[in-house]
Amino acid sequence: MKNVNKLFKQRLQRIHVSVGISASLFMYMCVFFGIFAIFLPYIQTWEKPSRHFEAANIKEINYSKMIDPVISDPNFPTNNIIIELPGYFNDPALKVNHMFVEPVVFNPKTMQRVDDEGDNSQLARFLNHMHYGRPFMTAGYVVFGLVAVSVMLLIIGGLIQVYHLKYNNNPKNHQGKFSKYHRKVFIWLFAPFVIVTLTGAYMNIGYTGSTLMTYISSKGEISNTWQAVGPILRPQRALVKRNDEQVSMLPISELIQKAEDVNPSINFDKIKLINWKDSSAQVELTGYNPNFPFLNGVYNNPVVVLSGVDGSLIEYKKVLDGNWTSLFADTLYFLHLLFGVDIVVRTIIATIMAICGIAIGFGVLLFLEKKAKKFDNKIPFYHWFGKLSLAVMIGVIPATGFIFLLQWILPFDLQDRMFWQKGLFFIAWLSTLTWAFYRICSFKAAKEFLVLGAILFMITPLVHFYVSGFSPISLFTNNMFIILNVDIALFIFGFLLLLLGFKIPNNREEFKLLFSKKKDK
């Protein structure tokens with residue numbers, strides 16, 4: 001019986017190590033880029049020169065002066081016009097959209113058109129795409145989704161190990177401390193990490209891999225998942241027939257006020273104009289109700305439909321009027337996307353994820369140190385996985401700092417600008433892999449990567465101030481706090497990397513002393 005129990009524990013540990021090492025680098029990438037994805041709404045505003053202006057109060061904007069000239073253009077469609085209000089995903093601009101034409105963007109403060117960068121500025125979106133493997137297309141979705149599933153199994157297996165195995169919580173050497181920190185962090189942060197990982201797996205595999213299930217459930221009629229679930233998650237209203245009677249419309253600011261009278265709790269951020277300037281005109285106002293944070297924001301949104309002629313209420317859809325499918329989907333998406341939460345909550349979640357990323361690093365270090373122990377006092381330890389881990393986990397930092405710097409170095413009118421930016425990012429990242437293999441001492445390479453990343457992140461705000469023409473004082477006086485906060489965050493992050501770069505030991509012997517019991521005394 002003892003031998004069976006011992007064998008079970010050994011196999012449990014070996015499975016945990018094998019799966020953990022296989023998934024560790026991918027999971028670290030998810031966590032690293034996910035931290036930037038948490039602050040995506042703020043980076044999106046920071047990265048665009050066209051958004052460098054003070055946000056306006058949506059109740060005090062003269063919408064007619066901006067919108068009427070656009071929709072009066074004979075080349076601009078007059079039905080199903082989408083207006084994204086200032087504050088939509090933290091965007092201070094007012095945007096007039098239609099599926100068949102290019103969007104028209106305004107500065108609501110000056111009511112002047114601005115030249116939107118469009119696809120030439122997608123830094124925040126690219127970082128978010130790297131978070132879940134989109135640049136690698138279907139293979140990326142599947143691999144990152146399977147990694148999320150494997151992490152769930154690792155967490156369950158790790159908890160079983162903690163229950164069955166007796167670990168030393170007062171280790172005397174560096175290997176023991178790596179094991180302790182790796183174990184303790186995931187025990188303390190078990191709940192939030194499981195929630196984020198589970199919902200990530202749902203979004204990557206649950207939707208991407210649902211094509212076959214859609215095909216089977218529809219008996220071969222369709223394979224597009226959204227074609228099957230779209231009408232359920234986002235039911236479409238019946239078409240409104242035009243009367244072909246041109247009449248004057250109420251000002252949009254007045255219509256917004258009437259919608260807020262229906263429910264003052266809703267933060268309206270999008271307007272749809274239906275049959276505008278016709279006697280059948282309707283205004284569909286969509287928003288977000290912060291009183292139901294888990295139940296709206298993605299698919300299920302409160303909607304107020306008013307008459308464009310007199311502002312009378314036509315339809316009012318509350319949050320709880322949504323079907324259970326949309327409520328369930330929004331709950332899962334909220335837990336991962338943090339839709340509607342403020343900067344404080346985002347910072348707390350980002351900090352938790354950063355600590356989990358460090359814990360993943362401790363797990364990799366524990367594996368490598370066990371390998372290196374075989375070569376103590378013989379030859380320098382040189383393991384391919386260690387060099388790969390160094391490039392993926394540490395080398396990604398200067399590569400990311402470089403792409404932030406490129407955002408303000410590359411001309412915004414450069415053809416295929418985002419292609420060059422992404423290409424240079426991957427070249428820089430691959431260069432760190434080359435340097436990691438070139439450097440015999442991984443500690444020196446790690447110090448160089450951290451210091452280089454620190455310099456890139458710290459000079460990015462300075463380059464931004466120079467290129468944009470906005471100093472920190474002007475950003476502050478013009479109430480452009482989102483942009484200023486991103487600059488401050490980048491500088492602080494770079495400064496912390498610099499301190500860490502100087503703190504890292506120069507060789508393995510110093511590294512062992514750093515975690516030894518004698519050093520603590």
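It should be emphasised that the depicted structure is a prediction, and the values quoted were computed from it without experimental measurement. Below, each value reflects all heavy atoms present in this structure, side chains not excepted, and no hydrogens, waters or symmetry copies.
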Inset, instruction - Kindly determine whether I483 and H464 satisfy side chain to side chain contact (heavy atoms under 4.5 Å, CB included), including the steps that lead there. - result: CA-CA 10 Å; I483 298 171; H464 167 238; 3.5 Å; yes

Legend entry - Residue pair V364 / M393: nearest heavy atoms and the distance that separates them: CG2-CE, 3.5 Å

Legend entry - V17 side chain reached by F367 side chain, heavy atoms, under 4.5 Å: yes

Inset, instruction - For side chain to side chain contact (heavy atoms under 4.5 Å, CB included), just list the numbers for I403 and L424, CA-CA rounded to whole Å, side-chain angles, deciding distance to a tenth of an Å, and then say yes or no. - result: CA-CA 8 Å; I403 198 175; L424 290 171; over 6 Å; no

Inset, instruction - Could you list all the salt bridge (charged side-chain N to carboxylate O under 4.0 Å, His left out) pairs where at least one residue sits in residues 446-473, not counting sequence neighbours? - result: R439-E448

Inset, instruction - Mind checking salt bridge (Lys or Arg N to Asp or Glu O under 4.0 Å) for D487 and listing every partner two or more places apart, or none if nothing turns up? - result: none

What side-chain donor-acceptor pairs closer than 3.5 Å can you find for residues 348-360, not counting sequence neighbours?
residue, atom, partner, partner atom, Å
T351, OG1, T347, O, 2.8

Inset, instruction - Check the pair L498, L450 against side chain to side chain contact (heavy atoms under 4.5 Å, CB included), reporting the backbone distance first and the verdict last. - result: CA-CA 7 Å; L498 190 64; L450 288 170; over 6 Å; no

Legend entry - F26 and V143, any side-chain heavy atoms less than 4.5 Å apart: yes

Inset, instruction - For L295, enumerate each residue passing the side chain to side chain contact (heavy atoms under 4.5 Å, CB included) test, keeping only those at least two apart in sequence or located in another chain. - result: F292, V319, L320, L327, T331

Legend entry - F193: partners by ring pair (Phe, Tyr, Trp, His ring centres under 6.0 Å), with sequence neighbours left out: F186

Legend entry - For W408 against P49, the heavy-atom pair lying closest together: CZ3-CG, 3.7 Å

Inset, instruction - Look only at the side chain of T45 and the backbone of N90, and say whether a donor-acceptor pair between them is shorter than 3.5 Å. - result: yes

Inset, instruction - Could you list the residues that satisfy side chain to side chain contact (heavy atoms under 4.5 Å, CB included) with L490, not counting sequence neighbours? - result: W46, F404, F457, T460, P461, V486

For a quick test of your reading: what N or O donor-acceptor pairs under 3.5 Å do the side chains of residues 337-346 make, sequence neighbours left out?
residue, atom, partner, partner atom, Å
D342, OD1, V344, N, 3.3
D342, OD1, V345, N, 3.1
R346, NH1, I38, O, 2.6
R346, NH2, L338, O, 3.1

Legend entry - Exam field: side chain D116 to backbone V105, donor-acceptor pair closer than 3.5 Å: no

Inset, instruction - Taking salt bridge (Lys or Arg N to Asp or Glu O under 4.0 Å) as the test, write out the residues that go with D269, two or more places apart. - result: none

Legend entry - Backbone N/O of W429 and side chain of T432: donor-acceptor pair under 3.5 Å: yes

Legend entry - Closest approach of A454 to G494 (non-hydrogen atoms, all atoms of both residues): CB-O, 3.0 Å

Inset, instruction - Kindly give the heavy-atom pair with the smallest separation between G34 and H131, and that separation in Å. - result: CA-ND1, 3.3 Å

Legend entry - 4.5 Å side-chain heavy-atom contact, E84 and N97: yes

Inset, instruction - Flag the pair F385 / S24 as yes when at least one side-chain heavy-atom distance between them is below 4.5 Å, and no otherwise. - result: yes

Legend entry - Set of side chain to side chain contact (heavy atoms under 4.5 Å, CB included) partners for S121, sequence neighbours left out: E47, K48, E117, Q407, F412

Legend entry - Partner of F425 under ring-ring contact (aromatic ring centres under 6.0 Å, His included), chosen from W420, F419, F126: F126

Legend entry - Donor + acceptor pair across side chains of S18, R14 (<3.5 Å): no

Inset, instruction - Give a yes or no on whether L499 atom CG has more than 12 heavy-atom contacts from other residues, nucleotides or ligands under 6.0 Å away. - result: yes

Legend entry - Evaluation steps, side chain to side chain contact (heavy atoms under 4.5 Å, CB included), between H336 and V196: CA-CA 5 Å; H336 196 89; V196 171; 3.8 Å; yes

Legend entry - Side-chain donor or acceptor of N300 paired with backbone N/O of S326 under 3.5 Å: no

Legend entry - Pairwise side-chain contact, T400 with F32, heavy-atom cut-off 4.5 Å (strictly under): yes

Inset, instruction - State, to 0.1 Å, how close L390 and A436 come at their nearest heavy-atom pair, and which atoms those are. - result: CD2-CB, 3.8 Å

Legend entry - Other residues, nucleotides, ligands: >12 heavy atoms within 6.0 Å of F495 CZ: no

Legend entry - Contact check, side chains of M418 and D119, non-hydrogen atoms, under 4.5 Å: no

Inset, instruction - To the nearest 0.5 angstrom, please state how far the OH atom of Y333 sits from the CZ atom of F328. - result: 11.0 Å

Legend entry - Spatial distance of atom CG (L405) from atom CZ (F402) [nearest 0.5 Å]: 7.0 Å

Inset, instruction - Would you indicate whether the side-chain heavy atoms of M29 and V392 approach each other to under 4.5 Å? - result: yes

Legend entry - Between CZ on residue F334 and CD1 on residue I195, distance to nearest 0.5 Å: 10.5 Å

Inset, instruction - State whether the side chain of K387 and the backbone N or O of W435 hold a donor-acceptor pair below 3.5 Å, judged by distance alone. - result: no

Inset, instruction - Give a yes or no answer on whether the side chain of N267 reaches the backbone of G287 with a donor-acceptor pair at less than 3.5 Å. - result: no

Inset, instruction - Working to the nearest 0.5 Å, report the span between OG of S389 and CG of L433. - result: 10.5 Å

Inset, instruction - Just jot down the side chain to side chain contact (heavy atoms under 4.5 Å, CB included) partners of L410, sequence neighbours excluded, or say none. - result: L406, L414, R417, Q421

Legend entry - Distance (rounded to the nearest 0.5 Å) between S431 OG and Y438 OH: 14.5 Å

Inset, instruction - Look at the side chain of D330 and the backbone N and O of Y299, then say whether any donor-acceptor pair between them is shorter than 3.5 Å. - result: yes

Inset, instruction - Compare all side-chain heavy atoms of L484 with those of F470 and state whether any distance is below 4.5 angstrom. - result: no

Inset, instruction - Check P92 against P86 and note the closest heavy-atom contact, atom names and distance. - result: O-CB, 3.5 Å

Inset, instruction - For F465, check ring pair (Phe, Tyr, Trp, His ring centres under 6.0 Å) against everything at least two apart and list the hits. - result: none

Legend entry - Gap separating the CG atom of L332 from the CE atom of M203, nearest 0.5 angstrom: 8.5 Å

Legend entry - Qualifying side chain to side chain donor-acceptor pair (under 3.5 Å) pairs with a residue from residues 474-483, counting only residues at least two apart or across chains: E54-N479, S471-S474

Inset, instruction - Tell me whether the centres of the aromatic rings in Y132 and F144 are closer together than 6.0 Å. - result: no

